[in-house]
Amino acid sequence: QEEFKLKVGILTWYDVLNYGSAFQAYALQELVRENGHEAEILTHDRKLPDYYKNKLKSKNLKGVLRWLRSQTPNRIKFRRATKQKHNKFVDFRNKNLNIGAHYSKTTADVTIIGSDQIFDINGLYYPFQFGKGLSCSSISTYAPSFGETTLESLNTSPNYTEICDSIRNMNSVNARDKNTQEILSDICKKDIDIVLDPTLLYTFEKEKAKW
C-alpha cells in the first residue's frame, strides 16, 4: 500500500526575535515530518499601521526628545546587540526552517495554525491569523494561544464577528492554555481540548547532538 503523505502548511509567528517562537515553529515542523508528511512554514506580511509610523516620524518636542534619547551610548549599544541577535535568528531560520509560499498562494493540502500567540489581537489584528485569505481549504489549529487577549477584550473587538466566523469554519480547534480554551469554547459552543505545546512534545534528541 502506497504511503499516504500530505503537504502541511504551518502558519505561525516564525520571524520574531523570540527564542520560544523560533523553537515552537521548528518543533511543529519536525513533528509533522516525523509523522511522514511534508512541512512548510507559510510566509505572511505584518506592517505597522500609519499611527505607529507617524509617531516614529514625529517632529514635535516629544519626537525630538525621543530622537535625542536614541543617540545615547546605551541606546546605540542596545541597537547593535539587537542587530546581532536579529542576524542570528535569520541564520537559524535559513538553516532550519522550510520557509515556503505565502499563505495566500500555498498549495498545502492542510494548514495548521499554531502554536505560539498566533491568536493574540492585543495590539494589531490580521485576518490571516485566523485563516482568512488562505488558499488552503482544510484549516486546523495546534496549540494556539490568544496570549494577552481575553474573552472580555475579544467581545468588544470590532473584529469579533469576523474572528468567530473564521474559527467556526476550521476543521478542528484546540488550545495551548486555559484562557484560549475558555475563548474557543465560548466561540464554538463546545468543549475544547488543551494540547501540549510542540516545544514540549518534540524531544530535540538529534538537535542535542548536532547543535
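It should be emphasised that the depicted structure is a prediction, and the values quoted were computed from it without experimental measurement.
- Of the possible donor and acceptor atoms, one in the side chain of Asn171 sits under 3.5 Å from a partner among the backbone N and O of Ile139.
- Gln117 places no side-chain N or O within donor-acceptor distance of the main-chain N or O of Ser145, the cut-off being under 3.5 Å.
- Between the CD atom of Gln181 and the CD1 atom of Ile183 there is a distance of 11.0 Å, given to the nearest 0.5 Å.
- No path of Ile, Leu, Val, Met, Phe, Trp and Tyr side chains, each step under 4.5 Å between heavy atoms, connects Leu17 with Phe78, placing them in separate hydrophobic clusters.
- The shortest side-chain heavy-atom distance between Ile121 and Phe130 falls under the 4.5 Å cut-off.
- Considering every non-hydrogen atom in both Leu184 and Ala175, the closest pair reads CD1-CB, 4.2 Å.
- You'll find the side chain of Asn98 reaches within 4.5 Å of the side chain of Arg33, heavy atoms only.
- Under the 4.5 Å side-chain criterion, counting only non-hydrogen atoms from C-beta, Thr111 is not in contact with Tyr103.
- Between Tyr26 and Phe204, the closest side-chain pair of non-hydrogen atoms falls below 4.5 Å.
- With ring centers used as reference points, Phe23 lies under 6.0 Å from Phe92.
- Within a 6.0 Å sphere centred on CD of Glu152, other residues, nucleotides and ligands contribute 12 heavy atoms or fewer.
- Cluster annotation: Ile41 is not connected to Val90 through the hydrophobic network of ILVMFWY side chains, with a link wherever side-chain heavy atoms come within less than 4.5 Å.
- Counting non-hydrogen atoms of other residues, nucleotides and ligands closer than 6.0 Å to NZ of Lys7 gives a total above 12.
- Dense packing is recorded around CG of Asn94, with more than 12 heavy atoms of other residues, nucleotides or ligands lying under 6.0 Å away.
- Going from atom OG of Ser138 over to atom CD1 of Ile112 covers 9.5 Å, rounded to the nearest 0.5 Å.
- Aromatic ring orientation, Phe128 versus His44: parallel (interplanar angle below 30°, classes split at 30° and 60°).
- Between the His37 side chain and the Leu6 main chain, a donor and an acceptor come within less than 3.5 Å of each other.
- Considering all non-hydrogen atoms of both residues, Leu31 and Asn35 come closest at O-ND2, 2.8 Å.
- No continuous path of ILVMFWY side-chain contacts below 4.5 Å connects Ile194 to Tyr202, so the two sit in separate hydrophobic clusters.
- Residue Tyr14 holds its OH atom at 9.0 Å from CG of Leu97, rounded to the nearest 0.5 Å.
- Between the Asn169 side chain and the Asp165 main chain, a donor and an acceptor come within less than 3.5 Å of each other.
- Interatomic distance, Phe119 CZ to Arg176 CZ, rounded to the nearest 0.5 Å: 12.0 Å.
- Of the charged side-chain nitrogens involved, none lies within less than 4.0 Å of a carboxylate oxygen, so that Glu207 and Lys210 do not count as a salt-bridged pair.
- For Tyr19, the OH atom is loosely surrounded, since the number of other residues' heavy atoms within 6.0 Å does not exceed 12.
- Here the closest heavy-atom approach between residue Thr180 and residue Pro144 is recorded as CG2-O, 3.5 Å.
- Under the 4.5 Å side-chain criterion, counting only non-hydrogen atoms from C-beta, Gln129 is not in contact with Ile163.
- In summary, the side chains of Asp116 and Thr12 do not present any donor paired with an acceptor at a separation below 3.5 Å, with no hydrogens or angles considered.
- Between Ser135 and Thr106, the shortest heavy-atom distance links the atoms OG-O, 2.6 Å.
- In terms of modelled atom types and a separation under 3.5 Å, the side chain of Gln29 and the main chain of Asn96 share a donor-acceptor contact.
- Of the possible polar contacts, one joining the Asn174 side chain to the Thr141 backbone as a donor-acceptor pair under 3.5 Å is found.
- Note that CD of Glu30 is 10.0 Å distant from OG1 of Thr203, once rounded to the nearest 0.5 Å.
- Only one option out of Asp193, Ile167, Ile187 pairs with Val173 in a side chain to side chain contact (heavy atoms under 4.5 Å, CB included); it is Ile167.
- In this structure, a donor-acceptor pair under 3.5 Å is absent between the side chains of Thr72 and Asn74.
- Between the Ser115 side chain and the Tyr142 main chain, no donor and acceptor come within less than 3.5 Å of each other.
- Rounded to the nearest 0.5 Å, atoms CG (Leu134) and CD1 (Ile113) are 6.0 Å apart.
- Side-chain atoms of Glu162 do not come within 3.5 Å of backbone N or O of Asn159 as any donor-acceptor pair.
- Other residues, nucleotides and ligands contribute only 12 or fewer heavy atoms inside 6.0 Å of the NZ atom of Lys88.
- A donor-acceptor pair under 3.5 Å links the side-chain atoms of Asn155 to the main chain of Leu151, judged by distance alone.
- With hydrogens and angles ignored, the 3.5 Å screen pairs no side-chain donor or acceptor of Gln24 with any backbone N or O of Pro198.
- Residue Asn18 comes nearest to Ser21 through the heavy atom pair OD1-N, 2.9 Å, listed as atom of the first residue, atom of the second, then distance.
- The two residues Asp15 and Arg93 come nearest to each other via the heavy atoms CA-NH1, 3.5 Å.
- Remark: the Thr149 side chain and the Asn122 side chain contain no N/O donor-acceptor pair separated by less than 3.5 Å.
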